[in-house]
Protein chains: 2
Amino acid sequence: MNGIKNQRQAVLDRTLSRSGLRMTRQRQTVYDTLMDQRDHPTADEVFSRVKRTMPTISLATVYNCLEKLVDCGLVRQVNRDRESTRYCANLKEHGHFYCRQCGSVHDIDLPSGQPADLGLALPEGFRVDQLDVNLRGVCPECGAKQQS
Amino acid sequence: MNGIKNQRQAVLDRTLSRSGLRMTRQRQTVYDTLMDQRDHPTADEVFSRVKRTMPTISLATVYNCLEKLVDCGLVRQVNRDRESTRYCANLKEHGHFYCRQCGSVHDIDLPSGQPADLGLALPEGFRVDQLDVNLRGVCPECGAKQQS
DNA sequence: CATCTTTTTTAGAATAATTCTTGATATTAA
DNA sequence: TTAATATCAAGAATTATTCTAAAAAAGATG
C-alpha cells in the first residue's frame, strides 16, 4: 500500500545520490509535502506543514532541504516580484498565473519548444537558456464571484 | 539649449500633477537619472548616481521618488528572482533578458497584442492584465568573448 | 507678505526573508 | 569502533525595503 509514495521516494533517493547527496528523513518529508499539495507554498508555509509530522524540524533545515531539492532539479523556485520565494514540484516547462484577488498561483503550460517559439523578436546573438513567464490577473474562481 | 530635458521635465510635471503629486527637485533628478542611462539600475545605484548632482539626498528619498514614478506610470519595476528591484524608464511593452555572465539586463520587444498572442494555452476563465517575460542566457558581448 | 496646510524629505529604526555560522548529530567508510 | 564527511539546528547576521516621526519645502489663503 501507498505505492505512489514509495515510487516518489525512490525517485528522490536516486536523484539525490546522483548529486552526491544523502537521503534524509527531512528531505523526504519536505519533498512529500511539496508533492502532496501542489499549491506553490512559501518556505514558511512548507515549514508549518512539515512541522505537523516532524515537530522538531527547524526553518533553516526547511530552507536547506528546499535548496538541495532545487539544486538537484526536483523542485523549482517561483518568484513574483520580490515576494517570498515559492516552491513548485511541477517539472514540466510552465509559466505562472497570479491572481491579484485571492493570491493563488496557477501553472500555465507553455508551448513546447524553444523560447523563440514564443514569438519573441530576439536580436541576433542572444543565447537563451531559460524562460520565465508570469501572468497577472483574475483567476476563474474570483472572476465568477465578481460577476454575480 | 537642452530641449530634451525641458520636454522630459514637462512630461514629468504633467504626469505627476495628474496624480495629484508635486514636482520636486528630487523627483526630477531621479527621473532624469533613469532617462539618461537606461541600464536598469537598482535603487542603490540610482542613489549613488543622483548623489553626484545632489549630494544631500537620502536613500529613503530615492525609494520614495521611485515609488511615485512607478505609481504614476512613468517608470517600471523590474525583478529577477529575489534580487534587488531594478527600475526601467522604457514604457513600451517589453520583456527582459538577463546575462548570466556579465549581469547586464536588456530590453526585449514583445509581439504587440494580447498575451494570448504569445501562444499561451490559457485555460478558460483567466483574465490576464499583465504579462512578464524574463529570459536568461548569454548576451552577444559575452557570447563573442567566449568564442575567441 | 505672513500664516496655515499639505506634501515631501530625511535619518534612523524596524521588518521580513533569507543566508551564514557554528556546534551537535547522523551516516558512511575504513 | 573510529575517523571522515554530510546534515541538521538554533540563533546571529545580512540585505533590501518600508516605516516613523520630525524638519523642510511648497502651495494656498487672508
Side-chain angles (χ1 to χ4, degrees), chain A residues 9 12-13 15-31 33 40-51 53-72 74-87 103 105, chain B residues 9 12-31 33 40-51 53-72 74-88 103 105:
Chain A
Q9 187 177 328
L12 176 59
D13 198 352
T15 311
L16 283 170
S17 58
R18 199 186 307 133
S19 301
L21 296 167
R22 290 175 189 163
M23 171 76 137
T24 68
R25 217 157 45 86
Q26 286 83 346
R27 286 171 186 167
Q28 200 175 302
T29 311
V30 166
Y31 185 57
T33 299
H40 308 84
T42 61
D44 219 65
E45 179 59 31
V46 172
F47 178 46
S48 62
R49 289 182 195 171
V50 169
K51 265 197 298 197
T53 53
M54 189 181 272
T56 62
I57 199 170
S58 77
L59 179 57
T61 299
V62 171
Y63 270 108
N64 287 341
C65 292
L66 289 170
E67 186 192 353
K68 295 308 176 192
L69 291 174
V70 170
D71 285 353
C72 73
L74 284 177
V75 167
R76 241 181 82 182
Q77 288 187 307
V78 177
N79 290 101
R80 166 192 146 133
D81 300 343
R82 276 187 53 88
E83 287 173 14
S84 309
T85 297
R86 292 166 178 279
Y87 295 85
V105 183
Chain B
Q9 187 177 326
L12 176 59
D13 198 352
R14 208 173 332 115
T15 312
L16 283 171
S17 56
R18 199 185 307 133
S19 301
L21 296 167
R22 289 178 187 163
M23 170 75 136
T24 67
R25 218 156 45 84
Q26 286 81 348
R27 287 173 183 165
Q28 200 175 301
T29 311
V30 166
Y31 186 56
T33 300
H40 308 84
T42 61
D44 218 65
E45 178 60 28
V46 172
F47 179 46
S48 62
R49 287 181 196 173
V50 170
K51 265 198 295 195
T53 54
M54 189 182 272
T56 63
I57 199 170
S58 76
L59 178 57
T61 300
V62 170
Y63 270 107
N64 288 340
C65 292
L66 289 170
E67 186 192 355
K68 296 308 176 191
L69 292 173
V70 169
D71 285 353
C72 74
L74 285 176
V75 167
R76 240 181 82 182
Q77 287 187 306
V78 177
N79 290 101
R80 167 193 144 131
D81 299 342
R82 277 188 49 89
E83 288 174 14
S84 308
T85 297
R86 293 166 177 279
Y87 295 84
C88 170
V105 183

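Every chain is numbered from 1, with letters handed out A, B, ... down the list of sequences. In what follows, every heavy atom counts, from backbone to side chain, and hydrogens, waters and symmetry copies are set aside.
A donor-acceptor pair under 3.5 Å links the side-chain atoms of Thr29(A) to the main chain of Arg25(A), judged by distance alone. Proximity of a side-chain donor or acceptor of Arg82(B) to a complementary backbone N or O of Thr85(A) within less than 3.5 Å is not detected.
Closest-nucleotide positions on DNA chain D for Arg25(B) and Glu67(B) were compared, and the one nearer the 5' end corresponds to Glu67(B). Of the residues near DNA chain C, Tyr63(A) and Met23(A), the one whose nearest nucleotide (by heavy atom distance) lies more toward the 5' end is Tyr63(A). When each of Ala60(B) and Lys68(A) is assigned the nucleotide of DNA chain D bearing its nearest heavy atom, the one mapping closer to the 5' terminus is Lys68(A).
Shown are Val46(B), Thr33(B), Val105(B); of these, the side chain to side chain contact (heavy atoms under 4.5 Å, CB included) with Pro41(B) is made only by Val46(B).
One finds no side-chain N or O of Arg82(B) lying less than 4.0 angstrom from the OP1 or OP2 phosphate oxygen of dA16(D). Thr24(A) has a side-chain polar atom (N or O) that falls below the 4.0 Å cut-off from OP1 or OP2 of dC8(D). Checking the phosphate oxygens (OP1, OP2) of dA26(C), no side-chain nitrogen or oxygen of Arg22(A) falls inside 4.0 Å. Residue Ser58(A) places no side-chain N or O under 4.0 Å from the OP1 or OP2 atom of dC8(D).
When heavy atoms are screened at a 4.0 angstrom cut-off, Thr42(A) is found touching no nucleic acid atom at all. Heavy atoms of Gln26(B) sit under 4.0 angstrom from primed sugar atoms or phosphate atoms, though from no base atom. Note on Asn64(B): a base of the nucleic acid sits closer than 4.0 angstrom, heavy atoms only.
Comparing atom distances between the Thr56(B) side chain and each of dA9(D), dT10(C), dT19(C) picks out dT10(C) as nearest. Distance from the side chain of Thr61(B) is smallest to dT9(C) among dA10(D), dT18(C), dT9(C). Closest to the side chain of Arg27(B), from the set dT18(C), dT17(D), dT9(C), is dT9(C).
Using a 4.5 Å heavy-atom threshold, the side chains of Val70(B) and Tyr87(B) count as touching.
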